[in-house]
Amino acid sequence: MLTYAEALEKVLSTVRQLPAEDVALEDLCDRFLSAPVQAAFDLPRFDNSAVDGFGVLLSDVSAATESSAAHLVLIDTIHAGESGSVPVLARGQTVKILTGAPVPPSVEAVIMREFCDEENGAVSVKTQATASENIRRKGDEVKQGQEVLPAGVQVTPPVVGLIASFGHERFSVTKQPRVAVVVTGDELVKPGDSLKDGQIFESNSFALAAAVKAMGLPRCMTIHALDSREATTSAFQQAIEQADVIISAGGVSVGEHDYVKVALEEDLKAQTVFWRIAIKPGKPVYFGFIDQQIDGEARPQRKLIFGLPGNPVSALVTFNLFVKPALRKMQGAAEPAKMPWAGVLESDLKKKPGRMDFVRGILGCSPAGALSVSPTRGQDSHMLSGLAKANCLIQFPADSERIAKGQCIQLELLDWRS
Ligand code: AMP
Ligand code: MG
C-alpha cells in the first residue's frame, strides 16, 4: 500500500494548473497570483513625512533641548496630497508638514509636533534631530521594477492592499476549479427530513461543501447517489460534466454495496492513480482522473476524482490530506501542501504498526512556552466531535507503535481557511 507521502506526491504530479484570469481587487482575496507583483514605481513614490511635524535643518536644532528651545520662523505648511510650490528652507526657518505630505529636498528631518510649540508664525523646537528622521524616503521599501511578490502566492488582505497601492484595478490570478460532491448511501436522509429506523442524517456533503467554501472556492454542487452501480455511475457522470474536481464520500471500500470504484473504472473509464493508502483514518481513498477532449482546445481537460471514505472524520481528514493540496495546486499555489509543525506530546500514544495515524489533536502553548499537543477525546473515524474540537492532525508514523508523553512529534495544522 502507498505511504502518505507517496500518495500525496502522486496527487500533486497528476494535478494540472488552471489558466489565468484577471480579477477585480474586490474579489482577489484567497486567490493565487499567476504573475509576480512588480513595482510599477518606487514605494514610497516620493519623500514624505511619517508624522505631523516641522521640517528643519539639522544645524538649526543641534543644541535644542526642553529648556533651551531653538526658535524658528514658520514659512509654509504642506498638507498630504499637495503638489504646489516647494518651499526651500534657509537657516532659522521651518515648514509645517503633515503626515503623508511631500517633504521638500531642503528639509533634513521632520520633528514631531509633540516636541514643538507653534505661536504666531514662530516655532520653538525642544529637541535635536538626526538626518532623515521621520522622513519616508522614495524607494525605501521597493524600487521600480523590483519583484515584490512571486507568482503562486495566495492573496491575503495585505497583498490586496499592495496590488492596489501600485494602481492596479485588476490582477492576474489562476482560475478556480469547480467542485462537485457526490455522497453515496441508502441510509442517508437530508437534514430536515424525518428519519426511519436504521437511517442517519447525511452530513458529508455539507461538511465537504463547507470545507471547499472555506478555501474561498465557489459553491459546489452536491449529488446523492443510492447504493446501486447505475445510480453511482449516473451521479459521477453528472458531476464530471459540471465540475473539474469530483469529491465523493462513501461506497469506496470493499463492501457489497461499494460501487464507486467499479463505476469509475469500468463504466466511466477513469484512470486510477491509486486506491488505498497506509493511513488511518482513510485507508480506502481512491484517486483517479478522466481526460476529456473539448472541441477547439489543444489539451484535454483533466477531471480529478477523489473517492473519500464515508465515515465523516475519514472524509474530512482525507480532504485535508489530499484534496486540499490538489485544489491549491490547480490554482497555482507555490506551496500546495501544508508545512509541518511540531509539538511536545502531552500524553502517550499507542497503535499497531503499519499505517500512519492522523491523530486529532489540540495544539497549544505549555506554561513553559513550548508548543504542546494533546489528542482529543473521540478518535474513532465516525466521531466528528473529536475532529470538531481539534486544531491539528498529529502524524503518528506508520512504523511506530508507541510514542511517549514528552516526545516532540510532527503535526499538520487544521486550518480550514487556507
Ligand atoms: P461507507 O464508506 O459508505 O461504507 O460508509 C462508512 C460509514 O460512514 C457508514 O457508517 C455510513 O453510514 C457513514 N456515511 C457514509 N456517507 C455518509 C454521509 N454522507 N453522511 C454521514 N455519514 C455517512
Ligand atoms: Mg455506504
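A quick note: this is a predicted structure, and the numbers were derived from the prediction, not measured. Computed from heavy atoms alone, side chains included, the values below leave out hydrogens, waters and symmetry copies. First listed ligand is number 1; within each ligand, the first listed atom is number 1.
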Per the side-chain contact (heavy atoms from CB on, under 4.5 Å) rule, which among I78, N134, V86, V110 passes with V103? V110
Side chains of residues 199-206: which donor-acceptor partners sit under 3.5 Å, not counting sequence neighbours?
| from | atom 1 | to | atom 2 | distance (Å) |
| --- | --- | --- | --- | --- |
| Q199 | OE1 | K196 | N | 2.7 |
| E202 | OE1 | S205 | OG | 2.5 |
| E202 | OE2 | N204 | N | 2.9 |
| E202 | OE2 | S205 | N | 2.7 |
| N204 | ND2 | G310 | O | 2.7 |

Using atom types as modelled, flag every donor-acceptor pair under 3.5 Å from a side chain in residues 339-351 to any protein atom, sequence neighbours excluded.
| from | atom 1 | to | atom 2 | distance (Å) |
| --- | --- | --- | --- | --- |
| D348 | OD1 | K405 | N | 2.7 |
| D348 | OD2 | R402 | NH2 | 3.1 |
| K351 | NZ | R355 | O | 3.2 |
| K351 | NZ | P397 | O | 2.8 |
| K351 | NZ | A398 | O | 2.9 |
| K351 | NZ | S400 | O | 2.8 |

Quick one: ligand 1 N/O to protein N/O pairs below 3.5 Å?
| from | atom 1 | to | atom 2 | distance (Å) |
| --- | --- | --- | --- | --- |
| ligand 1 | 2 (O) | G310 | N | 3.0 |
| ligand 1 | 3 (O) | G251 | N | 2.9 |
| ligand 1 | 8 (O) | G310 | O | 3.2 |
| ligand 1 | 8 (O) | N311 | N | 3.2 |
| ligand 1 | 12 (O) | E187 | OE2 | 2.5 |
| ligand 1 | 14 (N) | G310 | O | 3.3 |
| ligand 1 | 16 (N) | N204 | ND2 | 3.4 |
| ligand 1 | 19 (N) | E202 | OE2 | 2.8 |
| ligand 1 | 19 (N) | N204 | ND2 | 3.4 |
| ligand 1 | 20 (N) | S203 | N | 2.9 |
| ligand 1 | 20 (N) | N204 | N | 3.3 |

Under 3.5 Å, is there a donor-acceptor pair linking the side chains of E230 and T233? no
Pairs of donor and acceptor atoms involving the side chains of residues 156-169, under 3.5 Å and at least two apart or interchain, shall be tabulated with distances.
| from | atom 1 | to | atom 2 | distance (Å) |
| --- | --- | --- | --- | --- |
| S165 | OG | G161 | O | 3.4 |
| S165 | OG | L162 | O | 2.7 |

For L327, does its backbone N or O pair with a side-chain atom of Q331 as donor and acceptor, under 3.5 Å? yes
